[in-house]
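Have a look at the structure below, then the notes.
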Amino acid sequence: MLSIQLTLLLTIALGYGISKAGMMSLKTRSELTNITLNVILPCNIFAAFLGGMTGEMIRQSVIVLLCAAGLQLLAFILNKFLFIKAPEPKKLILKYSVITNNAGFMGLPILGAMFGDIGILYGSIFLIPMRIMMWTSGLSLFTSLDGKQKFKNLVTHPCMIAVFAGFAYVAVPFSLPEFLGTTVTWVGEVTRVMPMIIVGAILSEVKIKEVLDRDCFYFSFIRLLLMPAIMFAALWFLELDPLIIGVTVLMAAMPSAIVTAILAERYNQDSAFASKSIFVSTILSVAALPLIAMFLEWVF
């Protein structure tokens, strides 16, 4: 896990250096983000289904889905009382950051490196409730949306379409031509690199002297330690499969989502604080995630 984190950190540093060197403009970064969200991540998700699913894997996927729904319930509860004293502009960012995290950008590559395709598959399932919340009630924190628009945002999101297509592929007795399956897999493997470069580019805009914000460290404690600890305790009590516990706890422990800063910028909210929370939680996750992984290995 430490090796994986160091690799991710170096890739983030590469993105940071590319941006600082002037080789990635804001327009380029925005375009790469769109490509990652709309093409690379969906291919990565769909590729995880190409190996097929056994009955046991389907049962485990349902359990993972319930665990992810439980995490969203926990986020809803925590948002009710953890940020009461926070200034209003920060409160919006903090609440959204508890609802969602960087599980799509960072979580899937880490699960893939640790558990292989089965990790990516379960991670993709885990993201479904988070996607539902981030594009419905989460997005409503920034802007007003009616029910119809929320539903449209959900079902038309490329990552959600990839999950639906994956289940359809498994359910229907059909095999993709080898060249097509290989293409999808190769494009999906870019997930290991591109998201980290984008993270580094975003972090390059944060002034180091301005990151010493108490609210950022408070949020990082909640995101990186409190939420995964609560999830671990609950799943340990339920005596679930160690793989499911590992996937759930690691996905719950991911740092603040990049999309938080993107939405804050788009809707004229506190994008500076959003960027700082991403920076602080991402840097601290370099220490937190290996410790969590070692703890899980020690327990199981």
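For the single chain, residues carry numbers from 1 onward in sequence order. Source: prediction; values computed, not measured.
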request  = Please list all pairs passing the side chain to side chain donor-acceptor pair (under 3.5 Å) test where one or both residues lie in residues 56-85, with sequence neighbours left out.
outcome  = Glu56-Arg59

ask   = Which pairs with one or both residues in residues 29-43 pass side chain to side chain donor-acceptor pair (under 3.5 Å), sequence neighbours excluded?
value = Arg29-Glu205

key: side chain to side chain contact (heavy atoms under 4.5 Å, CB included) between Val299 and Ile245, worked out   = CA-CA 11 Å; Val299 170; Ile245 296 179; over 6 Å; no

For the hydrophobic clusters of this structure (ILVMFWY residues joined by side-chain heavy atoms under 4.5 Å, transitively), does one cluster hold both [X] and [Y]?
X      : Y      : value
Met130 : Ile77  : yes
Leu66  : Leu74  : no
Val249 : Phe295 : yes
Val39  : Trp186 : no
Leu243 : Val62  : no

ask   = What do the steps show when you test Tyr122 against Leu111 for side chain to side chain contact (heavy atoms under 4.5 Å, CB included), and what is the final call?
value = CA-CA 9 Å; Tyr122 289 162; Leu111 292 182; over 6 Å; no

Side-chain contact, heavy-atom cut-off 4.5 Å: [X] with [Y]?
X      : Y      : answer
Leu284 : Pro255 : no
Asn101 : Met251 : no
Leu296 : Ile292 : yes
Met106 : Ser285 : yes
Asp241 : Phe300 : no

Do side-chain atoms of [X] reach the backbone of [Y] as a donor and acceptor pair under 3.5 angstrom?
X      : Y      : value
Thr182 : Phe179 : no
Ser277 : Ala274 : yes
Ser256 : Ser281 : no
Asn44  : Val190 : no

task = Take Ile35 and Met194, measure what side chain to side chain contact (heavy atoms under 4.5 Å, CB included) needs, and give me the verdict at the end.
result = CA-CA 10 Å; Ile35 292 172; Met194 188 58 69; over 6 Å; no

Tyr96: partners by ring pair (Phe, Tyr, Trp, His ring centres under 6.0 Å), with sequence neighbours left out = Phe142

Gap separating the [atom1] atom of [X] from the [atom2] atom of [Y], nearest 0.5 angstrom:
X      : Y      : atom1 : atom2 : value
Asp213 : Phe279 : CG    : CZ    : 13.0 Å
Leu94  : Lys91  : CG    : NZ    : 9.5 Å
Ile99  : Leu78  : CD1   : CG    : 11.0 Å
Ile12  : Ile198 : CD1   : CD1   : 11.5 Å
Phe126 : Leu250 : CZ    : CG    : 10.0 Å
Leu289 : Thr282 : CG    : OG1   : 9.5 Å

query = Going by the ring-ring contact (aromatic ring centres under 6.0 Å, His included) test, which pairs reach into residues 16-47, not counting sequence neighbours?
reply = Phe46-Tyr169

Non-neighbouring partners of Ser25 that pass side chain to side chain donor-acceptor pair (under 3.5 Å), sequence neighbours left out = Thr28

[X] and [Y]: which non-hydrogen atoms are nearest, and at how many Å?
X      : Y      : answer
Thr248 : Cys67  : OG1-CB, 3.6 Å
Ser271 : Ala264 : CA-CB, 3.7 Å
Leu127 : Ala103 : CD2-CB, 3.7 Å
Met114 : Ala293 : CE-CB, 4.3 Å

ask   = Picking from Ile120, Ile63, Leu65, Val247, what satisfies side chain to side chain contact (heavy atoms under 4.5 Å, CB included) with Ile125?
value = Leu65

Donor-acceptor contacts, no H, no angles, side chain residues 215-237, under 3.5 Å, sequence neighbours left out:
residue	atom	partner	partner atom	Å
Asp215	OD2	Lys90	NZ	3.2
Tyr218	OH	Leu82	O	2.9
Ser220	OG	Cys216	O	2.8
Arg223	NE	Met254	O	3.4
Arg223	NH1	Ser97	O	3.0
Arg223	NH1	Val98	O	3.0
Arg223	NH1	Thr100	O	3.4
Arg223	NH2	Ala252	O	3.1

